[in-house]
Amino acid sequence: MLPSLDNLIIARQGPMTTELVQRPGDFGLGRVPSRLAPSGTIRSICGFCSTGCSLLVHVDAGGQAINLTPDPHHPVNHGMACPKGWEALTPLAAPDRATTPLLRRSGTDALEPVTWERALEELVGRFRATLDRYGPASLAVLSTGQIVTEEMALLGALAKFGMGIKHLDSNTRQCMATSHVAYKQSFGFDAPPFTYADFEESDALIFIGANPCIAHPIMWQRVMRNARNPDIVVVDPRCTETAMAATLHVPLRPKSDLVFLYGLARALIARGAVKPDFVAAHTTGFPEFAAFVASFTPERVTAETGLSPEVMDRLAGIIAGRERVSFWWTMGVNQSHESTRTAQAIINLALMTGNIGRPGTGANSITGQCNAMGSRLFGNATSLLGGHDFADARHRQRVAEVLDLDAECIPTEKSLAYDEIIDGIERGEIRGLWVIATNTAHSWIHSGRFHELRANLDFLVVQDMYATTETAQLADLVLPAAGWGEKEGIFINSERRLGVTRKVSRAPGQALSDFSIFKLIAEAWGCGPLFARWKDPESAFHLLKALSRDQPCDFTGIRDYAHLEDAGGIQWPYTERHAREEGGRTFIPDAPPSRTSLQMGGAGGYEPPAARSERRLFADGRFFTDDHRAVFYFDPPRPMPEPPDEAYPFLLLTGRGSSAQWHTGSRTDKSAVLRKLAPRSLYVEVHPEDVARLQLQPGRSVVVRSRRGEVRAFVVETATVQRGQVFMPMHFDGVNRLTFPSFDPHSRQPSYKACSVTLAPVSG
Ligand SMILES: Nc1nc2c(c(=O)[nH]1)N[C@H]1C(S)=C(S)[C@@H](COP(=O)(O)OP(=O)(O)OC[C@H]3O[C@@H](n4cnc5c(=O)[nH]c(N)nc54)[C@H](O)[C@@H]3O)O[C@H]1N2
Ligand SMILES: Nc1nc2c(c(=O)[nH]1)N[C@H]1C(S)=C(S)[C@@H](COP(=O)(O)OP(=O)(O)OC[C@H]3O[C@@H](n4cnc5c(=O)[nH]c(N)nc54)[C@H](O)[C@@H]3O)O[C@H]1N2
Ligand code: SF4
Ligand SMILES: [Mo]
């Protein structure tokens, strides 16, 4: 039944709320935050990247944010923030915020404001009609790693258990699917093992396909505090900002990582760097792996990666010679046509050299979005809520019991992956799409195809903070969402730390938190009673706790949001036993560390709070597989799907261009400060010899063309890219018009960083 206007009430509880809620107080959004300190400061976790920096938001007497400073007492960021964090409040006030639902009048181009009541009626009517006519596989949801965990879980439960929608995936597929699958297979659970203190406690840090100076600047600050005179190795085809700051840059050929890593494994075996006791006691499959890598001879590695035997030798020497070696990877690994085995080749190196479970070690995947970790555990896409398995009847029963619903409404298999959903749209099988907090039309690989397939969709709903995103512009219905800072809930950061993000600002107009929108849709759909216990984010959090019980991610020892705030966040696992043993101690130091103690580091110096509160996994060598052994996975390398050729002679790499730009720019482009810190139009980085050979003019436009599309970009001449390779930042629309849609077969993550293009000068 649709909620009638009588039921829809604008609840004004205190000056900072204009939440449209059903039964005011029922799901309590918009209340003045309970943690409003007398000083007018609210502690909140940043909503951009996965570092999870704590920000102190200073509010006026009404609880409305005025400005912010980084939190000096937090174990993650120690008083630091990157430009996006400092500017986090600005995008909230942007003039293009969606303030009412918008509906496209049939036959016109215009999106017109409508009431929430009308919007819900339309959504329910259209989606129901599609389901009735074409069945549960005809609708799909594309969600995100950028809303709070409680919202992700509610959406996943609502879509799959309440509305009977079969397919749900998220932008986490573009980002972390590879790490999820790689860890699950190798360790038995999706479990990044590290804690940030490992940045400070390593003797050698090996970064593979990661550019933390740009993408995770505050993690990089933690590396800079390492007082052990560490070797810092960067494995990246480009000489990035991070590579320039490293002690060794390994400029391998793009997508030759698997050959490189297998060659490195062979070299380490030859040097006697294997820890046989650890391997024998805690792993499976090493003898087969050792036999497999025997063919990756130095000659083969040099021929296929372009790396000199001296570089390989030096790197093997570092890994063999240093006590604590940590391996870190990000999108240069996860986004490839053979990404899962590449990530596992890194895991294999850590396992065979015994670099796991000790301080300063680990096979460590750095996450991307603020809550990609939340979506891996609670997105209800690949895994059933709480890291459970859709295919396991006991798991379905357990989830059904916790959520008080009939196990029959839980699907027995995972849904289609993002690319398979797009294929389903092409085949005409998926007719309705609901996109939440992601900008598919810009960020999806080979985006031109998505634009073309739009015509195949009978109904496209986009739920976003802004009505101006490339995807919202294509929508039939836009639902205006509150953003970071306008609602509360939990983010889980890269080191598995749960932290609370708080409401510090009023959402504009009739924009609602995603949690409220999902609750309203549940009521309108007629499945509201199923979600009666999901009253507000904090009550949903207690359900998530219960779902985590006895899983590797068990965090049942966390009391409530206040506990998390007092502790400076808490890493999973944190069971009731952990809580008892720690006796409610808090981890925040009474006073911020002095400057000198921060600089001293190391033994006898300042002990970072994280070192006291940290939870590193696998210290006991017991993994989450049935026999508690980690598994060596490997496969022969495959050629990249679209290598450069005569017609398209350059290889295009894409990625992050600036610490001031976030993805498709919907948020960061709204800040004048951030706009000043990064280029304002699309550019392409080209090696000086290629610039000379093609007689290009630096600063002038070229057409960059692939087999799928073309864009204009201005030329930046730089030797940070290799000859025959070019780099473009993903932050400008058009880059994904060029990219080639290939996917890792295990994780179905897109390979964004390899396609062939040609460059042609244009006048003007
Ligand atoms: N400022 C800013 N920070 C961000 C984001 C943002 O948009 N802006 N996004 C966040 C998100 S969601 C993510 S996932 C992370 C991403 O963080 P990163 O993965 O660190 O960033 P990228 O630039 O996508 O890719 C890293 C590097 O991979 C290299 N690379 C390309 N191909 C290969 C290859 O074949 N092998 C190897 N070894 N390396 C290769 C690229 O040259 C690039 O320097 O950043 C997060 N942080
Ligand atoms: N070529 C190329 N393409 C890439 C990549 C690459 O390296 N190269 N990287 C890929 C990766 S790793 C990622 S993670 C993706 C990111 O791609 P997207 O997810 O498409 O990028 P964002 O710009 O972060 O889009 C998030 C949207 O959510 C909205 N939003 C923010 N907060 C909220 C909220 O609380 N509620 C609601 N409803 N909306 C909200 C924002 O306004 C924005 O429009 O891009 C991928 N695409
Ligand atoms: S490093 Fe990430 S979490 Fe920290 S302030 Fe910057 S964007 Fe926010
Ligand atoms: Mo990402």
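Indexing begins at 1, ligand by ligand and atom by atom, following the structure's order.
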Contact region, Ala481 to ligand 2, non-hydrogen atoms below 4.0 Å, reads side chain
Atom 6 (Fe) of ligand 3: closest protein heavy atom, distance to 0.1 Å, is Cys82 SG, 2.3 Å
Closest to atom 44 (O) of ligand 2 by heavy-atom distance, out of Leu479, Asn439, Asp464, Thr440, is Asp464
Checking heavy atoms under 4.0 Å, the part of Ala482 that sits near ligand 2 is backbone
Worksheet item: Is Asp464 salt-bridged to Arg667, going by a charged N under 4.0 Å from an acidic O?
Response: no
Ranked by distance from atom 32 (N) of ligand 2, the top protein heavy atom is Met465 SD, 3.5 Å
the protein heavy atom lying closest to atom 1 (S) of ligand 3 turns out to be Ile218 CG1, 3.5 Å
Within the 4.0 Å heavy-atom cut-off, what Thr469 brings close to ligand 2 is side chain
Quick look: Met730 vs ligand 2, heavy-atom contacts under 4.0 Å, and the answer is side chain
Under 4.0 Å from one or more heavy atoms of Lys84, ligand 3 contributes atoms 7 (S)
So the atoms of ligand 2 within less than 4.0 Å of a heavy atom of Ile147 turn out to be 34 (C), 35 (O), 36 (N)
Contact region, Thr664 to ligand 2, non-hydrogen atoms below 4.0 Å, reads both
key: Check: Asp190 and Met176 side chains under 4.5 Å, non-hydrogen atoms   = no
Taking only non-hydrogen atoms of Phe48 and a 4.0 Å limit, the atoms of ligand 3 in range are 7 (S)
Can you confirm whether the side chains of Thr471 and Asn439 place a donor and an acceptor under 3.5 Å from each other? yes
Notebook entry, point to check: Mind checking whether Trp328 and Phe199 have parallel, tilted or perpendicular rings, split at 30° and 60°?
Noted result: parallel
- [ ] Answer whether the closest heavy-atom distance between the side chains of Val141 and Leu155 falls below 4.5 Å.
- [x] yes
the protein heavy atom lying closest to atom 4 (Fe) of ligand 3 turns out to be Cys53 SG, 2.3 Å
The closest protein heavy-atom partner of atom 8 (Fe) of ligand 3 is Cys46 SG, 2.4 Å
Restricting to heavy atoms, the pick from His731, His663, Arg656, Arg97 nearest atom 11 (C) of ligand 2 would be Arg656
Lys/Arg-Asp/Glu bridge criterion (N-O < 4.0 Å) met for Arg97, Glu486: yes
Counting heavy atoms under 4.0 Å, the part of Cys49 that contacts ligand 3 is both
For Gly52, the ligand 3 atoms with a heavy-atom partner under 4.0 Å come out as 3 (S)
The protein heavy atom nearest to atom 35 (O) of ligand 2 is Lys487 NZ, 2.7 Å
Out of Ser50, Ala437, Pro91, Gly47, the nearest non-hydrogen contact to atom 39 (N) of ligand 2 is supplied by Ala437
When distances are taken from atom 10 (C) of ligand 2, the protein heavy atom at minimum range is Gln335 NE2, 3.5 Å
**Prompt:** Would you call the rings of Tyr418 and Trp444 parallel, tilted or perpendicular, where under 30° means parallel and over 60° means perpendicular?
**Reply:** parallel
Taking only non-hydrogen atoms of Gly85 and a 4.0 Å limit, the atoms of ligand 3 in range are 5 (S)
